Amino acid sequence: MKLLSGHEVIPVEGAERERQVKHFEAYAPGLIRLMPGRWLMHAVYQEYADKIYSFKYKKGDVTVMTWPKCGTTWMQETVWTMMKNPNLNNPDAQLPLCVRAPFIELDVFSPPPDPGEVAPSNAHISATLKRLHPDEALGDAVHVQYAALCPSPRVIKTHLPFSLMSPAILDESKVVYVARNPKDVVVSYHHHSKIVKGHDFVGTLEEFVQYFVDDDLMYGPYWLHLKEALERRNHPNLHFMFFEDMKANPLEELKKLDAFLRTNLSEEQLGAIAKYTSFEQMKTRGVTPILNFERSGAKVDVLNEDIAQKEGGFLRKGKTGDWKNKLTPELEAEVDKWIQKNLNDLDITFRY
Ligand code: A3P
């Protein structure tokens, strides 16, 4: 099967599939690779890929694009606040993040239906769609439909790389791309893959690091994702930034974002937004990209709550350099070797 993006869909089979399903129990329904690139996705992605690729962007839209765990949630909240809540008094700020700033490929991660049942829905999103389009069936690509219907200017989230998104995205709208140092990414993604039922990772950190350096994690390969963004770095509608810079000096980064987004906020407004979007304040407000789903009126769990309670929730530490507490010298050496091999081709320097 070929996608509109030109990628060939190759099912993951045999020993590779067995290995993945052994460690990621949620991958049992199937995985695919998209060639070229070797992008790894849930098999169900192929049902939505063309709709995501054909999404019509409008002037004013801003997409927050990152590889998983590079600070998407932080930047979604920041960009949404700068654009829609500059004085911190918009009551919509209470709505879940993915309702305000839709995750365009969320259909891929929505809980699967029980046998013979209709797919679980997010009550807010389906009510909004029914209100706006009372005659349309909601069954298919609900989150793509929802993103399409959100009022402009829209803030949209994706973890997909440029090559799987509309080729017009940068000409018709803006993209904020956030990069993060790979050592913190792997530690954060390991935690994420344990707490999120859509992954259900049951292996060790050593095994997870091996997946990372083999480019075998979902949304991988990490370096190609980054390379596709770096190739577009000089496009005036792309703002490329680092998690580490945002952590070190949020006000400076917000000033750059303000110029890019043309939000024209005062230093006082930006200072207040920097505090409002700090890790501590986002954690206190319970900001999370996790959306609640309901099946027959009852909540469907999308998080492994016991692990989240013990080891931290979605907003885990929010630090730079936490990898020093997690990676053994052997694992660090393994990741360093991989970084050296890949970094040569790219014009980028990470702070650790
Ligand atoms: P850690 O697991 O290292 O804590 P994403 O949103 O792309 O999934 O990225 C999640 C990572 O960003 C997590 O990293 C999370 O804690 C961190 N994060 C989220 N909001 C943040 C904030 N306001 N400040 C700093 N880090 C934040």
Side-chain angles (χ1 to χ4, degrees), residues 63-82 88 93 96-98 100-106 109 155-161 175-196 198-199 201 205 208-209 212 217-220 222 225-226 229 241-254 257 270-291 302-303 307-308 310-327 335 350-352:
T63 297
V64 175
M65 179 189 282
T66 76
W67 208 70
K69 312 320 291 175
C70 292
T72 337
T73 314
W74 188 8
M75 206 43 57
Q76 259 176 298
E77 180 74 338
T78 302
V79 170
W80 188 88
T81 305
M82 289 175 71
L88 308 181
L97 188 55
C98 281
R100 294 182 274 131
F103 181 20
I104 197 159
E105 72 265 23
L106 185 55
F109 295 95
V155 179
I156 293 171
K157 156 186 168 177
T158 190
H159 288 311
L160 293 170
V175 174
V176 174
Y177 187 96
V178 192
R180 186 180 190 190
N181 83 69
K183 292 182 185 173
D184 279 328
V185 169
V186 72
V187 167
S188 184
Y189 204 4
H190 174 239
H191 172 71
H192 174 100
S193 300
K194 290 197 297 179
I195 61 168
V196 173
H199 299 282
F201 180 72
L205 176 62
F208 195 86
V209 168
F212 190 44
L217 290 178
M218 188 156 293
Y219 285 109
Y222 168 90
H225 199 288
L226 194 55
M241 60 188 293
F242 288 94
F243 181 104
E244 290 76 19
D245 290 342
M246 182 74 179
K247 191 75 201 167
N249 198 340
L251 187 57
E252 274 316 300
E253 293 305 308
L254 290 197
L257 266 175
L270 293 174
I273 292 173
K275 272 201 201 119
Y276 179 77
T277 55
S278 66
F279 182 80
E280 292 69 26
Q281 292 209 11
M282 279 179 57
K283 196 153 172 105
T284 306
R285 290 199 305 282
V287 178
T288 165
I290 298 291
L291 203 54
V302 285
L303 278 193
I307 303 180
K310 271 192 254 141
E311 297 175 28
F314 205 95
L315 269 68
R316 190 185 61 98
K317 290 248 172 100
K319 291 195 172 140
T320 296
D322 185 50
W323 62 268
K324 291 174 193 149
N325 303 316
K326 301 279 182 202
L327 299 183
V335 180
F350 286 109
R351 286 210 227 172
Y352 293 95

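Only heavy atoms go into these numbers, but all of them, side chains included; no hydrogens, no water, no symmetry mates. Because the structure is predicted, anything quoted here is derived from the model rather than measured. Both counts, for ligands and for their atoms, begin at 1 and track the order of listing.
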Residues two or more places apart in sequence or in another chain: which of them pass side-chain contact (heavy atoms from CB on, under 4.5 Å) with [X]?
X	result
Ser188	Lys69, Arg180
Glu252	Asn249, Lys255
Phe279	Lys247, Lys283, Leu315

Only one of Trp67, Trp323, Tyr189 passes ring pair (Phe, Tyr, Trp, His ring centres under 6.0 Å) with Phe212; say which it is.
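Exactly one candidate clears the test, Trp67.
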Give the protein residues with at least one non-hydrogen atom closer than 4.0 Å to an atom of ligand 1, ordered by chain and number.
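Within 4.0 Å of ligand 1, protein side: Lys69, Cys70, Gly71, Thr72, Thr73, Trp74, Arg180, Ser188, Phe243, Thr277, Ser278, Phe279, Met282, Phe314, Leu315, Arg316, Lys317, Gly318.
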Using modelled atom types and a 3.5 Å cut-off, is there a donor and acceptor pairing between side-chain atoms of His191 and backbone atoms of Gly312?
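Flag set: sc His191 to bb Gly312 pair under 3.5 Å.
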Donor-acceptor under 3.5 Å (His192 side chain, His199 main chain)
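A pair under 3.5 Å: no.
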